[in-house]
Amino acid sequence: MKPSLPVQPNHIAILRLSALGDVCNLVPTVRALQRQWPDARITWIIGKGEHSLLAGLSGVEFIVYDKATGIAGMRALWRQLADTRFDVLLHMQQAIRASLLSLGLKANVRVGYDKARAKDAQHWFTQYQLAPHPNAHVLESFMDFARVLGVEDNRLEWGLPVTDTARNEAQVISGEAPYLVINPCSNVRLRNFRNWSVEGYASVIEHAWVQYGLKSVLTGGGSALEREIGDQIEALCQPGSVINAIGGTSLKGVLALIDQAQAVIAPDTGPIHMANAMGTPALGLYASTNPQRAAPYLWREFAVNAYPEAVRTYLHKSVDEVSWGQRVRHPSAMMLIKADDVIAKLDALLAHTTSNASPRSIDEN
């Protein structure tokens with residue numbers, strides 16, 4: 001017999017370990033739950049890096065699981081929560097690692113995705129599944145967990161905390177002049193293929209500098225590839241037009257830089273969704289992933305969308321013929337994005353945010 005969902009939960013568990021963009025898209029669901037049940041305790045089981053971004057999020061108790069610790073780390077987490085029983089566990093990660101981790105958690109009912117969205121057989125690890133929601137954006141898929149519990153107020157709020165230390169860090173990097181943030185690389189993962197061309201970024205930086213007097217702050221992790229790409233971009237640009245901060249910031253520091261930027265340009269990776277969460281104008285670059293599913297939610301109309309062309313070119317199908325989450329895993333997919341298209345979107349984005357109310361008004365950060 002299927003267990004019933006709680007009408008008035010006292011303790012809600014959220015299981016979502018990664019990634020940076022996804023946890024940003026999940027925060028509005030947390031806020032919706034908090035509005036519905038302001039006295040409920042919310043415990044979020046989260047990855048180590050993701051916690052460093054969201055640490056201090058109001059009203060949330062974090063339990064950190066470092067994926068590098070494997071089974072030993074899972075057992076330690078289970079011991080930590082041995083005396084805790086949740087009214088409901090919202091299993092929001094379709095990955096076998098997260099499902100295995102969920103086995104050692106005590107909960108009256110476990111809610112997961114419907115079978116169509118439950119990758120890695122996640123539905124085997126839950127007792128109650130969401131209603132189907134075909135072609136949902138990632139943010140909407142997370143909000144479905146609040147909806148299934150009866151939450152009707154789905155206003156989008158984030159309120160990501162930015163510390164004074166992070167703001168000082170950003171100020172030292174950016175100085176006083178207005179700037180863009182460009183995060184040129186996505187996560188260094190096998191067959192990720194989300195990085196655009198060095199020459200393309202240099203052209204956009206030149207346009208922003210000449211037409212708007214905007215410097216471009218390059219951000220990213222400290223991997224050898226990211227540093228190399230940052231150096232190559234900088235070498236193609238005019239002196240003074242680029243501040244190369246790749247590998248030189250904390251995640252909170254990047255968040256602070258994004259908060260004060262005129263706009264953010266990035267492929268489908270954490271900082272483009274961090275911009276969305278901060279209400280900063282966001283220009284996403286999409287070819288290997290579908291922007292209808294994964295573009296920065298408040299700025300979807302400004303995403304550069306080469307995904308249909310990538311699907312035709314490398315999968316020999318139309319978008320309607322592939323699954324909603326289909327990736328185009330080809331190293332040349334992002335090269336279908338043209339610099340002129342990115343520049344045109346940047347012009348439109350800056351014109352829009354100058355003449356209209358920004359989505360910042362949706363959320364007071």
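Source: prediction; values computed, not measured.
- Atom CD1 of residue I14 and atom CD of residue Q93 lie 12.5 Å apart, to the nearest 0.5 angstrom.
- W324 is not listed as a side-chain neighbour of P134, based on a closest heavy-atom distance of 4.5 Å or more.
- By the criterion of side-chain heavy atoms lying less than 4.5 angstrom apart, applied directly or through intervening Ile, Leu, Val, Met, Phe, Trp or Tyr residues, L180 is grouped together with V254 in one hydrophobic cluster.
- Under a hydrophobic-cluster definition in which Ile, Leu, Val, Met, Phe, Trp and Tyr are linked whenever side-chain heavy atoms come within less than 4.5 Å, directly or via other members, L20 and V60 are assigned to the same cluster.
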> Given the rule in the side-chain contact (heavy atoms from CB on, under 4.5 Å) test, do I343 and D347 qualify, once you have shown the distances and angles that lead to the verdict?
Replying inline: CA-CA 6 Å; I343 288 169; D347 289 342; 4.0 Å; yes
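- Residues that satisfy the side-chain hydrogen bond (donor to acceptor under 3.5 Å, both in side chains) test with E152, not counting sequence neighbours, are absent from this structure.
- Contact of the V319 side chain with the Q326 side chain is not registered, since no non-hydrogen atoms from C-beta on lie closer than 4.5 Å.
- Linking Ile, Leu, Val, Met, Phe, Trp and Tyr whenever their side-chain heavy atoms come within less than 4.5 Å leaves L77 and V64 in two separate clusters.
- A heavy-atom distance below 4.5 Å is not found between the side chains of V342 and H207.
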>> Pair Q129, V111 - check side-chain contact (heavy atoms from CB on, under 4.5 Å), show working.
In response: CA-CA 6 Å; Q129 284 78 45; V111 180; over 6 Å; no
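- For P6 against V109, the heavy-atom pair with the smallest separation is CD-CG1, 3.9 Å.
- Counting all heavy atoms, side chain and backbone alike, W37 lies closest to P9 at CE2-CD, 3.5 Å.
- Considering only heavy atoms from C-beta on, F145 stays 4.5 Å or farther from L33 through its side chain.
- Here the straight-line distance linking atom OG of S18 with atom NZ of K48 works out to 15.0 Å at 0.5 Å rounding.
- What you find for A282 and W299 is that their closest heavy atoms are O-CB, 3.4 Å.
- In this model, a donor atom of one side chain and an acceptor atom of the other lie less than 3.5 Å apart for R85 and N108.
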>> Is there a side-chain contact (heavy atoms from CB on, under 4.5 Å) between V242 and I205? Walk through the geometry before answering.
In response: CA-CA 8 Å; V242 173; I205 290 168; 3.6 Å; yes
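- A donor-acceptor pair under 3.5 Å is formed between the side chain of R227 and the backbone N or O of G222.
- Across every non-hydrogen atom of L251 and S52, the tightest pair is CD1-OG, 3.2 Å.
- Two residues are said to be in side-chain contact when any heavy atoms from C-beta on lie closer than 4.5 Å; S216 and W209 fail this criterion.
- Remark: side-chain polar atoms of R293 are not paired, donor with acceptor, to backbone N or O of N135 under 3.5 angstrom.
- W78 and L89 fall within a single hydrophobic cluster, where Ile, Leu, Val, Met, Phe, Trp and Tyr are joined by side-chain heavy atoms under 4.5 Å apart, directly or via other members.
- The line from CD of E234 to CD1 of I243 is 10.0 Å long, rounded to the nearest 0.5 Å.
- In terms of modelled atom types and a separation under 3.5 Å, the side chain of Y201 and the main chain of P184 share a donor-acceptor contact.
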>> If you apply the rule salt bridge (charged side-chain N to carboxylate O under 4.0 Å, His left out), what do you find for D83 with K106, and how did you get there?
In response: CA-CA 9 Å; D83 297 327; K106 300 180 178 70; over 6 Å; no
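- Minimum heavy-atom separation, Q122 to S99: CG-OG, 3.9 Å.
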> Would E169 and S250 count as a side-chain hydrogen bond (donor to acceptor under 3.5 Å, both in side chains) if you check the C-alpha gap in whole Å, the side-chain angles of each, and the deciding distance to 0.1 Å?
Replying inline: CA-CA 9 Å; E169 178 186 338; S250 65; 2.9 Å; yes
>> Apply side-chain hydrogen bond (donor to acceptor under 3.5 Å, both in side chains) to residues Y297 and E140 and explain how you reach the verdict.
In response: CA-CA 9 Å; Y297 190 79; E140 290 291 344; 2.5 Å; yes
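- Between D340 and K338 no salt bridge is recorded (no basic side-chain N to carboxylate O distance below 4.0 Å).
- Test V181, N183, L255 against M274 for side chain to side chain contact (heavy atoms under 4.5 Å, CB included) and you get one pass: L255.
- With respect to the salt-bridge test (charged N to carboxylate O, under 4.0 angstrom), the residues D164 and R167 do not qualify.
- Pairing each heavy atom of N195 with each of S186, the nearest pair is OD1-N, 2.8 Å.
- The residue from L298, I258, L257, I272 that alone fulfils the side chain to side chain contact (heavy atoms under 4.5 Å, CB included) condition with T280 is I258.
- Expressed to the nearest 0.5 Å, how far CG of L236 lies from OG of S203 amounts to 8.5 Å.
- The neighbour count for R75 CZ, taken as heavy atoms of other residues, nucleotides or ligands under 6.0 Å away, does not exceed 12.
- Within the 4.5 Å cutoff, the side chain of M335 has heavy atoms near those of the S197 side chain.
- Taking 4.5 Å as the limit, some side-chain heavy atom of L139 sits within range of a side-chain heavy atom of L156.
- I182 CD1 to N244 CG: the interatomic distance, rounded to the nearest 0.5 Å, is 11.0 Å.
- Using a 3.5 Å distance cut-off with no hydrogens or angles, the side chains of T43 and H11 do pair a donor with an acceptor.
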> Going through the checks in order, is the side-chain hydrogen bond (donor to acceptor under 3.5 Å, both in side chains) test met by R41 and T84?
Replying inline: CA-CA 12 Å; R41 182 180 172 190; T84 302; 5.3 Å; no
>> side-chain hydrogen bond (donor to acceptor under 3.5 Å, both in side chains) for N25 and H137? Distances and angles first, verdict last.
In response: CA-CA 10 Å; N25 280 320; H137 188 279; 5.1 Å; no
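- A salt bridge between K67 and E50 is absent, with no side-chain N of the basic residue lying under 4.0 Å from a carboxylate O of the acidic one.
- Taking the six-membered ring for Trp and the full ring otherwise, H91 and F125 have centroids separated by 6.0 Å or more.
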>> Run H123 and Y113 through ring pair (Phe, Tyr, Trp, His ring centres under 6.0 Å) and show every step you take.
In response: CA-CA 7 Å; H123 58 288; Y113 289 98; over 10 Å; no
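- Cation-pi contact between R312 and Y314: absent, since separation from the ring centre below 6.0 Å together with deviation from the ring axis within 45° is not met.
- Ring centroids of F302 and H352 are separated by less than 6.0 Å, placing the two rings close together.
- Taken from OH in Y179 to CD in Q262, the straight-line distance is 8.5 Å, to the nearest 0.5 Å.
- Without hydrogens or angle criteria, E226 side chain to G221 main chain gives a donor-acceptor distance under 3.5 Å.
- Every salt bridge (Lys or Arg N to Asp or Glu O under 4.0 Å) that D22 has, sequence neighbours left out, goes to R16.
- The residues D144 and R117 are annotated as salt-bridged, a charged nitrogen and a carboxylate oxygen being separated by less than 4.0 angstrom.
- Using a 30° and 60° split on the angle between ring planes, H51 and F62 fall in the perpendicular class, above 60°.
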>> Show, in sequence, the C-alpha distance, side-chain angles and deciding distance for T313 and V328, and conclude whether the side-chain contact (heavy atoms from CB on, under 4.5 Å) test is met.
In response: CA-CA 10 Å; T313 302; V328 180; over 6 Å; no
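- By the rule that hydrophobic residues join a cluster once side-chain heavy atoms approach within less than 4.5 Å of another member, M92 and L17 end up as members of separate clusters.
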